[in-house]
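Note on naming: letters A, B, ... go to the chains in the order of the sequence lines (proteins, then strands), and numbering restarts at 1 for each one.
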Protein chains: 2
Amino acid sequence: MNEMTAKEGSLSEIESEVIALFVRMADVLSLPRSVGELYGILFISSEPLCLDDCRLRLNISKGSTSQGLKILRSFGAIRTVYIPGDRKDYYVAETSLRKIAAGFASEQIQPHVVSGKDRIERIRELLDAYEAADKDEVIDKVDLLENWQRRAGKTLPIILKLIGN
Amino acid sequence: MNEMTAKEGSLSEIESEVIALFVRMADVLSLPRSVGELYGILFISSEPLCLDDCRLRLNISKGSTSQGLKILRSFGAIRTVYIPGDRKDYYVAETSLRKIAAGFASEQIQPHVVSGKDRIERIRELLDAYEAADKDEVIDKVDLLENWQRRAGKTLPIILKLIGN
DNA sequence: CATGTTGTTCAATAAATACTGAACATTTCG
DNA sequence: CGAAATGTTCAGTATTTATTGAACAACATG
């Protein structure tokens, strides 16, 4: 149908600045630059955008755009909106910080916490069969480690509550 | 003087596992792998280690070791201990999670928060001179952004208190 | 069912990042 | 002072990670 031609290239100065802000955020969160760009353009846009809208404005490839949107969907930073009579998927940025943070925590952080717990268990097993002069000290260190792990696990949900809304 | 020969290579299985754990943590925090290794070997060691001890055990270069230790010092994850009659610097891992987190927050995160604030200010200025149909919506978005920023800034110190000790 | 549209996948490539090692600076000590 | 010990810096290289774009799958539509 092509009812609305996708605007090519040339971002306004404001758009560029907002996108730059999210690119830096992406960097802090160890996400690809393109993911920050995509969230930025969706965040600042006043209407939903489809894959082609995004990639033409940001001047990035179809592949990157597809993957970037997938990542953003994976932790609920964006959501799709249905536009009647249009086959394309349209996206808007989720603006509830709480929702995004919760999604990010459960998708990107929780897995690390879990695999960390597994590893500590494995270390405990090795420790049983370990004999050396410093065994007691090593045990103390592993206790400490487990303590950190536990606190990290408990602190995460509290942070999410703190962020509120 | 060389009173104690630096142990070469070959980590025990426990050491390897503990180091692997910190390597993964480093990854989450966007720090180089070698920084995780260094913290790991210092964490599990029952005595202070010097630069050469670290690099021989981890089998990494002098340059990486020097830079890695510098990074760890920069946010207080390790500290030096003085060993009488030895010219070398010896290091131990800081084991107070609170101290490490506070150092990391103020050295690695705070700067981003600050530069983000600057950028939002700049966006506000651009916004004054901005004329378009969607101006009001854009203003709302920038308000939202500023709100996030403020909350992030306030939440950080609370998190540190939560971690306690 | 042939065609156009939309989105995904993935091998090749580009870009970013970390690591190495040799040269250098600094200090200690005989 | 000269030599040995210690640590830092940085240009070159290796490694990791992200991006591209072409091939493909899925689907709608006439």
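Atom CZ in A/Arg33 sits about 13 Å away from atom P in D/dA18, given to the nearest Å. Atom-to-atom, CG of B/Asp52 to P of C/dG21 comes out at 14 Å; the value is rounded to the nearest Å. Computed from coordinates, the A/Leu49 CG to C/dG7 C1' distance equals 16 Å when rounded to whole Å. One interatomic measurement links the two molecules: CG of B/Asp86 to P of C/dT28, which rounds to 13 Å at whole-angstrom precision. As a whole-Å value, the separation of A/Glu37 CD from D/dT19 C1' is 11 Å. Rounded to whole angstrom, the span from the CG atom of A/Leu38 across to the C1' atom of D/dT20 amounts to 14 Å. The CG atom of B/Leu72 sits 14 Å away from the P atom of C/dA18 (whole-angstrom rounding). Rounding to whole angstrom units, CG of residue B/Leu51 and P of C/dT26 are separated by 18 Å.
Shown here are the side-chain contact (heavy atoms from CB on, under 4.5 Å) partners of B/Lys70, two or more places apart in sequence or in another chain: B/Arg73. Residues that satisfy the side chain to side chain donor-acceptor pair (under 3.5 Å) test with B/Arg79, not counting sequence neighbours, are B/Glu94. A search for salt bridge (charged side-chain N to carboxylate O under 4.0 Å, His left out) contacts involving A/Arg122 returns B/Glu13, B/Glu17, not counting sequence neighbours. Partners of A/Ser46 according to the side-chain contact (heavy atoms from CB on, under 4.5 Å) rule, which considers only residues two or more places apart in sequence or in another chain, are B/Asp134, B/Glu137. Applying the ring pair (Phe, Tyr, Trp, His ring centres under 6.0 Å) test to B/Phe22 and every residue at least two apart in sequence or in another chain returns B/Tyr39, B/Phe43.
Contact annotation for B/Ser34: backbone-only contact, meaning every heavy-atom pair under 4.0 Å involves sugar-phosphate atoms and none involves a base. Note on B/Ile60: only backbone sugar-phosphate atoms sit closer than 4.0 angstrom, heavy atoms only; bases stay farther off.
Using a cutoff of 4.0 Å between basic side-chain nitrogens and carboxylate oxygens, A/Asp128 and A/Lys135 are not scored as salt-bridged. The existence of a salt bridge linking A/Lys117 and A/Glu146 is excluded, since no basic side-chain nitrogen approaches an acidic carboxylate oxygen closer than 4.0 Å.
Projected onto DNA chain C by closest heavy-atom contact, B/Arg87 and A/Tyr91 fall at different nucleotides, the more 5' of which corresponds to A/Tyr91.
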Short heteroatom pairs, N/O only, protein and nucleotides 9-17 of chain D, under 3.5 Å:
from  : atom 1 : to      : atom 2 : distance (Å)
D/dT9 : OP2    : B/Lys70 : NZ     : 3.1

